[in-house]
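One-based numbering, in listed order, for ligands and for the atoms of each. For this chain, numbers begin at 1 and follow the sequence in order.
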Amino acid sequence: MNIIKVKDYEALSEKACEYLIDRIRAVEKTVLGLATGSTPEGLYKRLIEKYREGNVSFKDVTTFNLDEYVGLKKEDPNSYYYFMKDKLFNHIDVEMENVYLPKGVVADLEGECSEYERLIQTAGNIDVQILGLGLNGHIGFNEPGTAFSSRTHIVELDASTREANARFFDSIDEVPTQAITMGIETIMESKEIVLLVSGEKKAEAVKQLIEGEVSEDFPATVLRNHDKVTLIADEGALGKVGKSLLLK
Ligand code: F6R
C-alpha cells in the first residue's frame with residue numbers, strides 16, 4: 001500500500017483532487033468509482049473548482065457509486081443519488097447517462113444487484129475507486145464479517161454505522177436499516193484504489209488497517225491484498241501508526 005501523508009483535511013482533498021485529475025487525463029474514458037460520506041466532500045469541491053477553471057472535463061467519464069440506501073427515492077435529500085448530484089454531478093459536465101448508483105427503490109433488489117455488477121463489467125471495470133474508511137473497518141457498506149468474495153449485495157446496516165450516519169438525518173429512526181453495496185470482490189477488481197482518511201477519530205481504524213491481521217472482521221484490511229492501493233491520510237488519521245511502517 002502506497003501511503004501519502006498530508007497535514008490536514010484541506011491538504012488531503014487537494015492531493016486527492018490532483019491524483020484523480022491526473023488519472024482522468026491519463027486513462028481514456030475513465031471509469032471512476034465514487035463514495036459518499038464526509039471525507040470525499042472536499043475532493044468533490046476541488047474537482048468542481050478545477051472543472052470551472054477549465055482544467056478537467058468529465059465528458060468522457062463514467063461513474064459508479066459504491067452504495068445506496070434501500071428505500072430512499074432518488075429525490076430524497078438523504079439518498080446517495082441526491083448527495084452526489086448536489087455535491088458533484090450538478091456542477092460538472094458529466095453526462096448523467098454515464099452516472100450509476102445502485103437503485104434503492106426497486107421491486108427486485110436482488111435483480112438490481114446483478115444488474116449493477118453487469119453494468120460495471122460492461123464498462124470494463126473501475127479504473128480508479130475512491131473509498132472512505134468506516135470506524136469499524138467497513139468499505140462501501142461492507143460491514144465486519146462480510147466475505148471477501150462478496151459481490152454487489154443487500155446489507156443490514158450495523159448499529160454503529162447507522163449511528164455514525166444519523167447526523168445526516170433528523171433522528172436515528174429515520175436512518176434506513178438496509179443498503180445496496182458493491183461487494184468486496186467487486187471493489188477489489190478496480191484497477192486502482194484510493195482510500196481517503198482524515199482525522200484523529202479514524203486513527204485506531206487506520207492502525208488496524210495497516211498493522212492488523214488481514215481479516216473479514218476488519219474489511220478494509222483486504223486492501224492490503226491489492227497491488228495498486230494509495231492511502232491518502234492526514235496527520236490525525238496516521239497518529240497511531242508506527243513510524244517504521246510509514247517508511248515502508
Ligand atoms: C460511502 C461509503 C462509506 C464511507 C465510510 C466513511 O459511500 O461507502 O463506506 O466511505 O462510512 O464515511 P465518512 O467519510 O463520512 O467518515
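Between F58 and F89, the ring centre distance reaches or exceeds 6.0 Å.
Using a non-hydrogen distance threshold of 4.0 Å, R167 registers as a contact of ligand 1.
For the pairing with R46, the side-chain hydrogen bond (donor to acceptor under 3.5 Å, both in side chains) check across E10, E18, E41 returns one residue only, E10. Checking L109, L101, L66, D67 one by one against I180, the side chain to side chain contact (heavy atoms under 4.5 Å, CB included) holds for a single residue, L109.
Residue contacts with ligand 1, taken as heavy atom pairs separated by less than 4.0 Å, involve T36 via backbone and side-chain atoms alike.
For ligand 1, the polar-atom distance check finds an N/O of D67 within less than 3.5 Å of one of the ligand's N/O atoms. Residue G140 has at least one nitrogen or oxygen atom sitting less than 3.5 Å from a nitrogen or oxygen atom of ligand 1, judged on distance alone.
Nearest to atom 16 (O) of ligand 1 among the protein's heavy atoms is K202 NZ, 2.7 Å. Protein heavy atom nearest atom 15 (O) of ligand 1, with residue, atom name and distance: S38 N, 2.8 Å. Remark: minimum distance from atom 11 (O) of ligand 1 to any protein heavy atom is reached at H138 NE2, 2.7 Å. Remark: minimum distance from atom 6 (C) of ligand 1 to any protein heavy atom is reached at L133 O, 3.5 Å.
Between K74 and Y81, the shortest heavy-atom distance links the atoms CB-CD2, 3.5 Å. Across I154 and Q178, no two heavy atoms sit closer than the pair CG2-NE2, 3.9 Å.
Contact check for E235 versus D8: no side-chain heavy atoms found under the 4.5 Å cut-off.
Per-residue contacts place T39 under 4.0 angstrom from the following atoms of ligand 1 (heavy atoms of the residue considered): 13 (P), 14 (O), 16 (O). Ligand-side atoms of ligand 1 in range of G132: 10 (O), range being under 4.0 angstrom from any heavy atom. Which parts of ligand 1 touch L66 is read off a 4.0 Å heavy-atom cut-off, strictly below it: atoms 8 (O).
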**Request:** Applying salt bridge (charged side-chain N to carboxylate O under 4.0 Å, His left out), run through K45 and E14 and close with a yes or a no.
**Result:** CA-CA 10 Å; K45 270 196 194 135; E14 193 59 49; over 6 Å; no
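In this structure a side-chain-to-backbone donor-acceptor pair under 3.5 Å is missing from D234 to V6.
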